[in-house]
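Heads up: the structure comes next, in structure tokens.
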Amino acid sequence: MTVADPQIKPAPVIRQLDDAAINRIAAGEVVERPASAVKELVENSIDAGATRIEVAIADGGKTLIRVTDDGCGIAPADLPLALSRHATSKIDGSDLLNIHSFGFRGEALPSLGAVGRLTITSRAGEEAATITVAGGQPNAVKPAALNSGTVVELRDLFYATPARLKFLRSDRAENQAITDVIKRLAMAEPFVTFILRDTSGGDQRTTFRADAQTGDLFDALHGRLRAVLGREFADNAVALDAERDGLHLTGYAALPTYSRGAAIAQFLFVNGRPVRDKMLLGALRAGYMDVLSRDRHPVAALFIDCDPTLVDVNVHPAKSEVRFRDPGTVRGLIVSGLRHMLAVAGHRASSTVANATLGAMQPQPTEPRVYQMDRPKFTAQSMTFQSGFAEHRSARVEPTPEDTTPDEALPLGAARAQLHENYILAQTTTGMILVDAHAAHERLVYEKLKTQMATNGVAAQALLIPEIIDLTEAEAAHLIAIAPDLARLGLTIEPFGGGAIAVRETPALLGEVNATALIRDILDELTDQGDSKLLEAKLNAILSRVACHGSVRTGRRMSAPEMNALLREMEATPNSGQCNHGRPTYVELKMTDIERLFGRT
């Protein structure tokens, strides 16, 4: 009798999965949550040429998702094919790198039909028809009544895979995720009307609506962003329009003084497709690197358009990730486009600064109001004391028609006084300006230092003994490729055989440097983002500290010509609307704001 060796295990049997199992597996990749289903269905509507898309949901999309559009529709004979895997009208399969539509994989509808109860009613031409599928089992096509377009209704999502229901979040969280999806798609399609309704509990309320915009692309986009992101963003955003090597960057980015405490308002699109790409987000951050502190985040909606063959969108089933043929060019376009936009914005600061100022100025009475008739009479002695106190705390500039009045028509007006030996009070034709002189001069000095560094280069200090750093060959090649850029910043490196490099010079501004740690940090940033601004950021930080020490100090009396000269220089200097740390350098109050403070409106 032969005894089987317990160490030998029987070979596993290879089986062909049935279509139902295949569709459920595909659904796990494509349909992560109700918001994923909404995304796939709305993208289908956009691909169908719809100009009006209405989405109705119930219980966070768990019990109902209905998408109604006025697109081209599906012919009755094509409805069963639309529910087959990898059946699509978007591509013919001959070129997967030349994709002009949102959808192209042919997985969404069969995946949804595999995990829920799906009904499609559509009209193309003269006939309308409907088909239903539940748990992957389709029924026969039947005639239906529909004026135009398509209605896709998905009920009881994940009823066929109940384990997935346990991983869904609360109805409120799922509603928010669906709203975010609709808003992103609405930003990408400003000429399409989007409506989102919640029908939970039998009630019906509209939770989001964005009507189709008119006009040219920039006007339409500005109007759509106002509807989606709010009036404050629209009022404080600057348009971008830049091109490089077949790439076109458009969109709107907010002024640095209109920023957020978290990266929750950064929207990126590639050929109209909303994406979440680490490299693109890094480029957005780099564009604001010099005008925002590390704990603040920019607000922007950026659109990159290019030939579809320059970008691969077939990286992930959800199509939220992309891969560019030349990521360095894309990153450079975003960074340079944002910096040019900020330079064009010049000294401009966001309107929210004035709103915050008005809020801080609102009276907060803590004692009963004392009326004028009940106040003690002012004596000559008390008036003299009050006047003397005012003179002690401020320096007044007497306006003279021949030299100060014309300045009132300039953006930052004419200086009228210095308050608390730091704040310049200026008068404009439409209101008043309050300038933080120290913060403003700090930015002006900083910009001059940066210009000098860019013009003359960064002074380098030669190491007595070159520092040899052992790296992998790939890491060394990565660094040598950007050696000319590093040299312009005072860091000179050379190959030293194998994977080693020799550091021969370091930036003099940095003083004594741990070259190995610096090189490792630059490598980490290169690996993470494809580019490195670390060295430039370190040098800018030093220039910022130098500027701080070299600027007008709080407590110093300034003459009228000095104050007006500072205002004129601010008007001529990019980024002067915020200090080196991203805080505003001035506040503007219009006459209507001032009158509102005193109840004169």
Side-chain angles (χ1 to χ4, degrees), residues 17-45 47-48 53-69 74 78-88 102-103 105-122 129-142 144 146 150-182 185 196-202 317-319:
L17 296 177
D18 59 31
D19 287 342
I22 293 172
N23 285 339
R24 285 196 294 271
I25 292 171
E29 296 179 322
V30 178
V31 188
E32 178 188 356
R33 60 194 303 187
S36 307
V38 171
K39 172 181 175 292
E40 296 292 339
L41 295 178
V42 173
E43 286 180 348
N44 279 347
S45 296
D47 284 340
I53 301 172
E54 184 174 331
V55 181
I57 60 173
D59 305 316
K62 300 169 189 174
T63 59
L64 171 67
I65 297 172
R66 183 191 303 117
V67 178
T68 305
D69 68 54
I74 305 172
D78 289 338
L79 284 174
L81 189 59
L83 294 173
S84 302
R85 293 193 74 234
H86 305 310
T88 178
F102 279 111
R105 299 173 68 97
E107 290 183 316
L109 292 178
S111 296
L112 294 174
V115 295
R117 307 180 197 278
L118 183 70
T119 302
I120 305 175
T121 305
S122 190
T130 185
I131 188 171
T132 61
V133 56
Q137 300 300 317
N139 296 313
V141 177
K142 298 179 180 178
L146 188 68
T150 301
V151 180
V152 180
E153 185 173 281
L154 177 65
R155 291 187 176 272
D156 303 327
L157 181 63
F158 297 134
Y159 94 96
T161 54
R164 296 292 301 276
L165 288 171
K166 300 176 183 178
F167 292 91
L168 296 184
R169 301 176 65 185
S170 66
D171 290 355
R172 182 176 180 179
E174 297 299 341
N175 276 336
Q176 185 60 52
I178 290 171
T179 303
D180 289 345
V181 164
I182 297 295
L185 290 170
L196 176 61
R197 292 194 171 96
D198 191 339
T199 63
S200 302
K319 302 184 290 292

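The main-chain N or O of Thr119 is never found under 3.5 Å from a side-chain atom of Thr132 such that the two would form a donor-acceptor pair. Using modelled atom types, one side-chain atom of Thr130 and one backbone atom of Ile120 make a donor-acceptor pair closer than 3.5 Å. Between the side chain of Thr63 and the backbone N or O of Ala58, at least one donor-acceptor pair lies under 3.5 Å.
Here the straight-line distance linking atom CG of Asp69 with atom CD of Glu54 works out to 11.0 Å at 0.5 Å rounding. Separation of atoms CD1 (Ile53) and OG1 (Thr150) is listed at 11.0 Å; rounding is to 0.5 Å. For the atom pair Asp156 CG and Lys62 NZ, the distance stands at 12.5 Å (nearest 0.5 Å). With rounding to the nearest 0.5 angstrom, the CG atom of Leu83 is 11.0 Å from the OG atom of Ser111. Rounded to the nearest 0.5 angstrom, Ser122 OG and Asp78 CG are separated by 9.5 Å. A distance of 11.0 Å separates CD of Glu174 from OG1 of Thr179, quoted to the nearest 0.5 Å.
Using modelled atom types and a 3.5 Å distance limit, the side chains of Glu40 and Asn44 yield no donor-acceptor pair.
Considering only heavy atoms from C-beta on, Val42 stays 4.5 Å or farther from Val181 through its side chain. Annotation: side chain of Val115 is in contact with side chain of Leu157 (closest heavy-atom distance under 4.5 Å). Between Val67 and Ser45 there is a side-chain heavy-atom pair separated by less than 4.5 Å. When side chains are defined from C-beta on, Leu118 does not count as touching Ile131, because their heavy atoms never get closer than 4.5 Å.
Between Ile65 and Ala37, the shortest heavy-atom distance links the atoms CD1-CB, 4.0 Å. Minimum interatomic distance between Asn175 and Gly60 (heavy atoms only, all atoms of both residues): OD1-CA, 3.3 Å.
A salt bridge links Glu153 with Arg66; the closest basic N to acidic carboxylate O contact falls under 4.0 Å.
Just one of Leu41, Val133, Leu79 meets the side-chain contact (heavy atoms from CB on, under 4.5 Å) condition when paired with Leu109; it is Leu41.
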